[in-house]
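Since the structure comes first, as structure tokens, the remarks are kept for the end.
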Protein chains: 2
Amino acid sequence: MTSTRQLFNQHNLRCTSQRMALYEALAAHDSHPTAEELFRLVKPGTARLSLATVYNTLEVLCRAGLARKLPTTNGCCRYDADTSIHPHVRYRESGRIDDLPRHLAERLLQSVPREVLGDIEGELSVRIAGLNIQVIADDSPEPKT
Amino acid sequence: MTSTRQLFNQHNLRCTSQRMALYEALAAHDSHPTAEELFRLVKPGTARLSLATVYNTLEVLCRAGLARKLPTTNGCCRYDADTSIHPHVRYRESGRIDDLPRHLAERLLQSVPREVLGDIEGELSVRIAGLNIQVIADDSPEPKT
DNA sequence: GTACGTGCAAAATGTTTGCATCATT
DNA sequence: AATGATGCAAACATTTTGCACGTAC
């Protein structure tokens, strides 16, 4: 198991208490928090922390490949420390984003034929940097069982 | 062929010159404009138009099912008058969103097994309202051929 | 005539930036 | 010691709102 410190060193990131706390919180939660949510989550346990640092850090983490921004339709970004390609469920009204349960995610991803992606790269002359799949759901009245 | 007027009547929307101009512009372009872009696109040909009306109208169109918001990672929303489920290419740096060429879109969509979607609905107790697939591409140095 | 849409300006929201100070290397 | 990160406040960008006026029905 790799420590956050090691991970940061590998990516040439300075190990400040704020960064480590933010990264660890992001990695520990699967709720894909907004910057604001992450701030409220981490602030209490950290000596000093400002919202600007949260934004700066998230930007740095994304550039280093340790996090990614998830696309949303309500103007505020959500972040995920899991940078692998994996589908999400986005709830329309609340804007919440969940991971799809693993077995469903697998089935969905494996159904995408690799050669289609290759053909897309060829025909559009682009390099595919990611694949974002979101199942859009109406907010369920009942919480998931 | 259905006129915008008929379409609006069917959806109980008032036919104001601004709304019709906005909808027609949105439907005519496949560039998935932001509110601001749509405003600049439509303003010149319209007697009076304010940005607030663009936002109001887009909201109304989305609620009526005549348009939809596309998720983005840069804080400003993009809109599409094509409400069918169809995959997009999103360019990382510029934020531009294109439709995938039809035959590639078909192949991608048809590869998704219908029963996986059914199972998702069953297991999460949700109603799937849409499926959003974005191929993320680094901006290509050369424009598409 | 009534209900609803519009324009304008102001406010709310989310994110970025400039700069002095502070911490990590 | 030098480089880079942080906090704060101000700037910025995008979207929403309140209200007086105008237009579609």
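The chains referred to below are lettered A, B, ... by the order of the sequence lines, with proteins before strands, and numbering in each begins at 1.
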Quick check for you: among C/dG7, D/dT15, C/dG14, whose closest atom lies nearest to any side-chain atom of B/Leu49? C/dG7

Hey, does the side chain of B/Tyr55 come within less than 4.0 Å of D/dT16's phosphate (OP1/OP2), counting only N and O? no

Give the nucleotide from the list D/dT14, C/dG7, D/dT6 with an atom nearest to the side chain of A/Asn56. D/dT6

Could you tell me the separation between the CZ atom of A/Arg48 and the P atom of C/dA20, rounded to a whole number of Å? 17 Å

Within the side chain of A/Lys69, is there an N or O that forms a donor-acceptor pair under 3.5 Å with the backbone of B/Thr73? yes

Write down the distance between CZ (A/Phe39) and C1' (C/dT13), rounded to a whole number of angstrom. 16 Å

Whole angstrom value for the distance that separates C1' of D/dA24 from CZ of B/Arg5: 9 Å

Donor-acceptor pair, B/Thr46 side chain versus B/Arg48 backbone, under 3.5 Å? no

Of the options D/dT15, C/dA9, D/dT6, whose atoms approach the side-chain atoms of B/Cys76 most closely? D/dT15

Using side chain to side chain contact (heavy atoms under 4.5 Å, CB included), reason through A/Leu41 and A/Leu26 one step at a time and then give a plain yes or no. CA-CA 9 Å; A/Leu41 209 59; A/Leu26 189 62; over 6 Å; no

SB check B/Arg68 B/Asp80 (cutoff 4.0 Å): no

Whole-Å distance, B/Leu51 CG to C/dG7 P, equals 10 Å

Round to a whole Å and report the spacing from CD of A/Glu37 to C1' of C/dG14. 13 Å

Would you kindly give the CD-to-C1' distance between B/Glu59 and C/dG5, to the nearest whole Å? 14 Å

Between residues 7-19 of chain A and DNA chain C, which residues have a heavy-atom gap below 4.0 Å? A/Arg14, A/Cys15

A/Arg78 side-chain N/O to A/Gly95 backbone N/O, donor-acceptor pair under 3.5 Å: yes

Check this for me, if you would: do A/Arg63 and A/Glu59 make a salt bridge, where the nitrogen-to-carboxylate-oxygen distance has to be below 4.0 angstrom? yes

Whole-Å distance between D/dT16 C1' and A/Asn74 CG? 14 Å

DNA chain D: B/Ala52 or A/Val54, which has the more 5' nearest nucleotide? A/Val54

Take atom CG of A/Leu58 and atom P of C/dT16, then tell me their distance rounded to the nearest Å. 10 Å

Looking only at non-hydrogen atoms, find the nearest pair between B/Gly65 and B/Thr83 and report the distance. O-CG2, 3.4 Å

